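All of these numbers come straight from a predicted model, not from anything done at the bench.
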Protein chains: 2
Amino acid sequence: MLEPRDFQQNALLGLLPQEELNRLLPHFEEVTLTLGQSLCESGQHMNYVYFPLDSIVSLLCVMENGASTEIAVVGYEGVVGVSLFMGGETTPSRAIVQSAGKALRLKGQLLKNEFYRAGPMQRLLLRYTQALLTQMAQTAVCNRHHNLDQQLCRWLLLSLDRLRGNELIMTQELIANMLGVRREGVTEAAGKLQRAGLISYHRGHINVLDRLGLEERVCECYSVVKDEYDRLLNHHNVM
Amino acid sequence: MLEPRDFQQNALLGLLPQEELNRLLPHFEEVTLTLGQSLCESGQHMNYVYFPLDSIVSLLCVMENGASTEIAVVGYEGVVGVSLFMGGETTPSRAIVQSAGKALRLKGQLLKNEFYRAGPMQRLLLRYTQALLTQMAQTAVCNRHHNLDQQLCRWLLLSLDRLRGNELIMTQELIANMLGVRREGVTEAAGKLQRAGLISYHRGHINVLDRLGLEERVCECYSVVKDEYDRLLNHHNVM
DNA sequence: AGCGCTATGTGCGATAACGTACAGAGTTTA
DNA sequence: TAAACTCTGTACGTTATCGCACATAGCGCT
C-alpha cells in the first residue's frame, strides 16, 4: 500500500483534496519507467494513465518516414494519457520515457469514472490539459521562429524543471530526435553551451553548471510555457 | 429568434441532441465576423464563445517581436474559446478572423453552466478539444519537417474544408503571417501552384482549380488532422 | 591488450528560407 | 487624370540547417 506522501511527489495529485485522493488511493500502483520505454503508441488504446514522480515522459509526433518531434514533455507536474478522459481514447502521438524513474499508474477506466464525477479531479485534469495545449502551441512557434541554440536551451530547462538534480541522462542522438533535428546540429549547439561553461557533457550525461546562464540564452517560449503552468496549476487558482 | 436549422450549420452544435440545443437556443446570437477582427487577445478574458457558421478563425501564437504563427484553424466544425470551459479562462494565443462570415455566439458563463452539467455538451466539447490538440501537435511537426510548398498546400486545404466554395479571400501577406514565413516565400510557393494549374491567384483572391492536385502535393499532416477530426467528431462516435 | 560499439566532434557542399531592395501591375483616392 | 497605395513578382547575397563522410575518444567485453 502506498503512503499519502508518495502522492505528494506528483504535483497534480498533490493538488487534490484528501478525500478525492483517498477514494483512488488503493488503486494506484507504483511502477518504474525505463529510458526509452513506450507508454503509448500512435493510435493505440491506453490501459493506464501515468502520473510521473521523478521520471520524464516525452510526447512525440512520429511521421511516416520515421522522423519525429517532441510536442510536449510531462513530468511530476502532470499526467500521461489525457486522451482517455478527453473522450478520444487514442491519439496519433507516442509517449516515450525520456528520463527513467518512478510513476504512479491507474487503470484508465478508474480515472474516467473519477473524471465523470465532475468534481475536483475533473477541474484539475482539464486545467492541466490546457497547460499542455499551451506547451504544444508554443512548441509550434518555437520550431518556426527560433534557432537550434535557443531551442536546446528551452529543452534543457523544461527537462531540468522536472528533475531533482542537475544531471540529465540523455545522448545527443536522443535530444536530436526530440527536437526533430540532426544529431550533428545538437553536437554543435551543445558545444557552444559547454564552451560557455553553462553545461558539461560526457557520453550521455549532461550536467547543468549554470542554470541562470541558460535562462539568459533561452527564447521567450520557455517562460511562456512555465508561467502558464504556474498560473493554471497553482494551489490558489485550482481548488 | 434563430431557427433550429441555423444551428445545423455548425457541425458541433449539429451533433447535440435536440433537447440540449433547445435549452441554449434562446441565448445564441448570430454575429457577423469581419476579416481581421480579433475575437480574443493574448491573456485577455473572453466574454463569449463563438461557433463559426461560414466564417474561419485562426488561432495565432504571437511573439514578443510581433512575429506570429497559426497554431490551429477553426471553422464550422468547431468553436473558439475552449479555454473558458477548460478552466483557464485565458490563453496566451490570439483568435483572428481569417475569413469573414457568420458565427453564433454565446455568453461564456452560459456555456460553462452547460458544460458543468457534465452531459452531451461536455463530452462533445472535450472531444473537440482533443481534435484541436491534434491539430496543434501536427502543426508543430509540420513546421519542423516540411517545406513551405507543402505547408501552403496544407493550409489551403484546411481552409477550403471550412468554406462552401472554392474561393479564398486572403492576401499573400496574410498567409505569410499565418504560416510564420516571409511574404516573398508565399509568392514563390503560390507561383508554383499557379503555374501547375492548381490555383489561380489575383490580388487577394485565390481560386482553387484542382483540389485533387493539391491533395497530391500536400504532406501527410493534412490527412492526419482531417482523419482525427472525422474520427473524434463523427455522429456515430460522439453520442 | 585488443576488438567492437557507442558517443561526440568536425568538415564541406547543398538547400531552403531569410532580409532587403526594387519593379510593375492593379486599385483607390484626390 | 494623376498620385498614392496595395498586392504580387523577381533578384541576390546571407544564414541556418541538412546530408553525408569521416575522425576521435571512451567504454565494455573477451
| request: Determine whether any donor atom in the side chain of B/R183 lies under 3.5 Å from an acceptor atom in the base of C/dG19, or the reverse, and answer yes or no. | output: no

Quick one: salt bridge (charged side-chain N to carboxylate O under 4.0 Å, His left out) pairs with a partner in [range], sequence neighbours left out?
range	answer
residues 205-218 of chain A	A/D161-A/R211, A/R211-A/E215
residues 32-41 of chain A	A/E41-A/R94
residues 54-79 of chain B	B/E77-B/R162
residues 127-142 of chain B	none

| field | Interatomic distance, B/I175 CD1 vs D/dC7 C1' [rounded to whole Å] | value | 12 Å

| message | Expressed as a whole number of angstroms, how long is the span from B/L174:CG to D/dT8:P? | response |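 Between P of D/dT8 and CG of B/L174: 9 Å.
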
| field | Listed once per pair and sorted, the ring pair (Phe, Tyr, Trp, His ring centres under 6.0 Å) pairs that draw on residues 44-81 of chain A, sequence neighbours left out | value | A/F28-A/F51

What does the list of N/O pairs under 3.5 Å between the protein and nucleotides 12-18 of chain D look like, with a distance for each?
unit_1	atom_1	unit_2	atom_2	d
D/dT17	OP1	A/L148	N	2.6
D/dC18	OP2	A/R182	N	3.4

Side-chain donor-acceptor distances from residues 128-136 of chain A under 3.5 Å, at least two apart:
unit_1	atom_1	unit_2	atom_2	d
A/T129	OG1	A/L125	O	2.8
A/Q130	OE1	B/G88	N	2.9
A/Q130	NE2	B/T90	O	2.8
A/T134	OG1	A/Q130	O	3.3
A/Q135	OE1	A/V73	N	2.8
A/Q135	NE2	A/V73	O	3.4
A/Q135	NE2	A/Y229	OH	2.7

| task | Output the distance between atom CG (B/N207) and atom CD1 (B/I199), rounded to the nearest 0.5 Å. | result | 9.5 Å

Expected list for residues 169-176 of chain B: side-chain donor-acceptor pairs under 3.5 angstrom, two or more places apart:
unit_1	atom_1	unit_2	atom_2	d
B/T171	OG1	B/L174	N	3.2
B/Q172	OE1	B/T187	OG1	2.5

| field | Contacts of B/N147 that satisfy side chain to side chain contact (heavy atoms under 4.5 Å, CB included) - sequence neighbours left out | value | B/D149, B/Q150

| Does A/A67 have any side chain to side chain contact (heavy atoms under 4.5 Å, CB included) partners at least two apart in sequence or in another chain, and if so, which? | A/M63, A/N65, B/H145

| request: Identify whether the distance between the nearest side-chain nitrogen and carboxylate oxygen of A/K226 and A/D230 falls below 4.0 Å. | output: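 Counted as a salt bridge, because a side-chain N and a carboxylate O are separated by less than 4.0 Å.
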
| query | Of the residues in residues 198-211 of chain B, which ones touch DNA chain D at a heavy-atom distance under 4.0 Å? | reply | B/Y201, B/R203, B/G204

| request: Give the angle between the helix axes at the two ends of the helix from C/dA1-D/dT30 to C/dA30-D/dT1, taking five base pairs at each end and rounding to 10°. | output: 30°

| Using a cut-off of less than 4.0 Å, is there contact between a side-chain N or O of A/Q194 and OP1 or OP2 of C/dT8? | no

| query | Between C/dT8, D/dT10, D/dC20, which nucleotide has the shortest distance from any of its atoms to the side chain of A/T171? | reply | C/dT8

